[in-house]
Amino acid sequence: MPTNEYNEFTATIAQKCFEEVRSRMDLLKQSEEIEGVLQDILREVGRLSTELLYNEAAQEAKEKAREPSFWVKRQNSVTFYTIFGSISVASPYLYNASKQLSKTPTRQFLGIEGKARSQRLEKALVDFGAE
């Protein structure tokens with residue numbers, strides 16, 4: 001994302017966060033809580049955004065893996081852990097009955113399987129352990 005667009009985007013998000021927190025809090029009486037409230041909001045925004053993006057990637061993986069002879073036998077979802085918390089990612093099971101072959105594009109293209117952790121989360125855990 002170009003710098004100007006990024007700066008505009010983050011400024012818009014910051015303004016929305018400001019408005020939301022300001023409408024819920026008495027800043028003079030609750031100044032100690034500002035960071036915690038903001039952290040909760042931003043974590044949930046990150047979690048929801050991450051979930052949407054991973055599910056979009058899973059849809060693209062499914063379309064890439066799909067061949068005329070393969071059909072979606074099961075539409076499962078898997079729990080995937082990120083720095084923002086756990087998310088649910090679509091994980092379809094594609095099957096070709098005549099060749100008795102199967103594909104799991106979410107695992108094949110994204111490397112996501114149930115109860116796995118994102119690379120960013122793994123790095124954070126290792127860094128935390130190192131300290």
Side-chain angles (χ1 to χ4, degrees):
M1 182 181 297
T3 304
N4 285 351
E5 290 176 15
Y6 182 80
N7 290 341
E8 268 183 51
F9 176 74
T10 55
T12 300
I13 298 299
Q15 183 64 36
K16 293 285 188 190
C17 287
F18 166 79
E19 291 167 7
E20 182 62 26
V21 173
R22 182 69 186 103
S23 70
R24 292 176 178 229
M25 298 180 72
D26 180 338
L27 298 180
L28 292 179
K29 291 181 181 175
Q30 297 174 294
S31 63
E32 294 290 324
E33 299 173 35
I34 292 172
E35 288 180 74
V37 170
L38 196 53
Q39 181 182 24
D40 292 344
I41 291 169
L42 293 173
R43 183 182 299 116
E44 185 62 9
V45 167
R47 192 190 69 74
L48 291 171
S49 299
T50 301
E51 187 170 69
L52 288 169
L53 289 164
Y54 272 110
N55 276 295
E56 181 70 17
Q59 179 65 29
E60 289 179 22
K62 181 176 100 175
E63 295 305 318
K64 185 173 182 175
R66 199 166 201 170
E67 297 174 29
S69 56
F70 281 83
W71 53 281
V72 178
K73 185 172 183 176
R74 287 191 308 269
Q75 182 65 37
N76 297 335
S77 64
V78 294
T79 300
F80 184 60
Y81 298 98
T82 72
I83 61 168
F84 300 111
S86 64
I87 62 173
S88 181
V89 180
S91 182
Y93 179 79
L94 304 178
Y95 188 69
N96 179 327
S98 63
K99 296 180 182 177
Q100 295 193 351
L101 296 173
S102 64
K103 292 182 181 182
T104 51
T106 300
R107 181 185 304 158
Q108 178 185 355
F109 291 104
L110 304 177
I112 296 175
E113 50 189 84
K115 303 205 179 189
R117 296 179 183 138
S118 69
Q119 289 180 352
R120 178 69 57 148
L121 177 58
E122 286 288 340
K123 182 181 180 330
L125 292 171
V126 167
D127 289 349
F128 180 74
E131 290 183 20

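These values consider heavy atoms only, across backbone and side chains, with no hydrogens, waters or symmetry-generated copies.
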Would a hydrophobic clustering, with Ile, Leu, Val, Met, Phe, Trp and Tyr connected at side-chain separations under 4.5 Å, put [X] with [Y]?
| X | Y | answer |
| --- | --- | --- |
| V21 | V45 | yes |
| L53 | L110 | no |
| L101 | V72 | yes |
| W71 | Y93 | yes |
| F84 | F128 | no |

Under the side-chain hydrogen bond (donor to acceptor under 3.5 Å, both in side chains) test, residues paired with R117 that sit two or more places apart: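 Expected list: E122.
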Could you check whether atom CD of E63 has more than 12 heavy atoms from other residues, nucleotides or ligands sitting under 6.0 Å from it?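 Yes, CD of E63 has more than 12 neighbouring heavy atoms, counting only those of other groups under 6.0 Å.
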Q75, CD: over 12 other non-hydrogen atoms inside 6.0 angstrom: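 Count over threshold, so yes.
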Shortest non-hydrogen separation from A61 to P105 and the atoms involved: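 Closest approach of A61 to P105, heavy atoms only: O-CB, 3.5 Å.
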K115 to Y81 - nearest heavy-atom pair and separation: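 So the minimum-distance heavy-atom pair works out to CA-CE1, 3.7 Å.
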Side chain proximity check, [X] to [Y], heavy atoms < 4.5 angstrom:
| X | Y | answer |
| --- | --- | --- |
| R66 | K103 | no |
| Y95 | Q100 | yes |
| M25 | V37 | yes |
| S88 | T79 | no |

Rounded distance [0.5 Å steps], [atom1] in [X] versus [atom2] in [Y]:
| X | Y | atom1 | atom2 | value |
| --- | --- | --- | --- | --- |
| L48 | I87 | CG | CD1 | 10.0 Å |
| N55 | K62 | CG | NZ | 11.0 Å |
| E33 | D26 | CD | CG | 10.5 Å |
| R47 | L52 | CZ | CG | 9.5 Å |
| L38 | L42 | CG | CG | 4.5 Å |
| E35 | D40 | CD | CG | 12.0 Å |

Test item: T104 side-chain N/O and T106 main-chain N/O as donor-acceptor pair under 3.5 Å: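 Such a contact is absent between T104 side chain and T106 backbone.
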Between T10 and N7 (side chain of the first, backbone of the second, donor and acceptor by atom type, cut-off under 3.5 Å), is there such a pair?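 Here the side-chain-to-backbone pair exists.
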Any Lys/Arg nitrogen of E19 or R22 sitting under 4.0 Å from an Asp/Glu carboxylate oxygen of the other?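 So E19 does not pair with R22 through a salt bridge.
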K16/E20 salt bridge by N-O under 4.0 Å criterion: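 No.
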Given the rule in the side-chain contact (heavy atoms from CB on, under 4.5 Å) test, do L121 and I83 qualify, once you have shown the distances and angles that lead to the verdict? CA-CA 5 Å; L121 177 58; I83 61 168; 4.1 Å; yes
Tell me yes or no: between the side chains of N76 and S91, is some donor less than 3.5 Å from an acceptor?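 Side-chain D/A pair, N76 to S91: absent.
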Could you list all the ring pair (Phe, Tyr, Trp, His ring centres under 6.0 Å) pairs where at least one residue sits in residues 37-64, not counting sequence neighbours?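 Residue pairs passing ring pair (Phe, Tyr, Trp, His ring centres under 6.0 Å), neighbours aside: Y54-F80.
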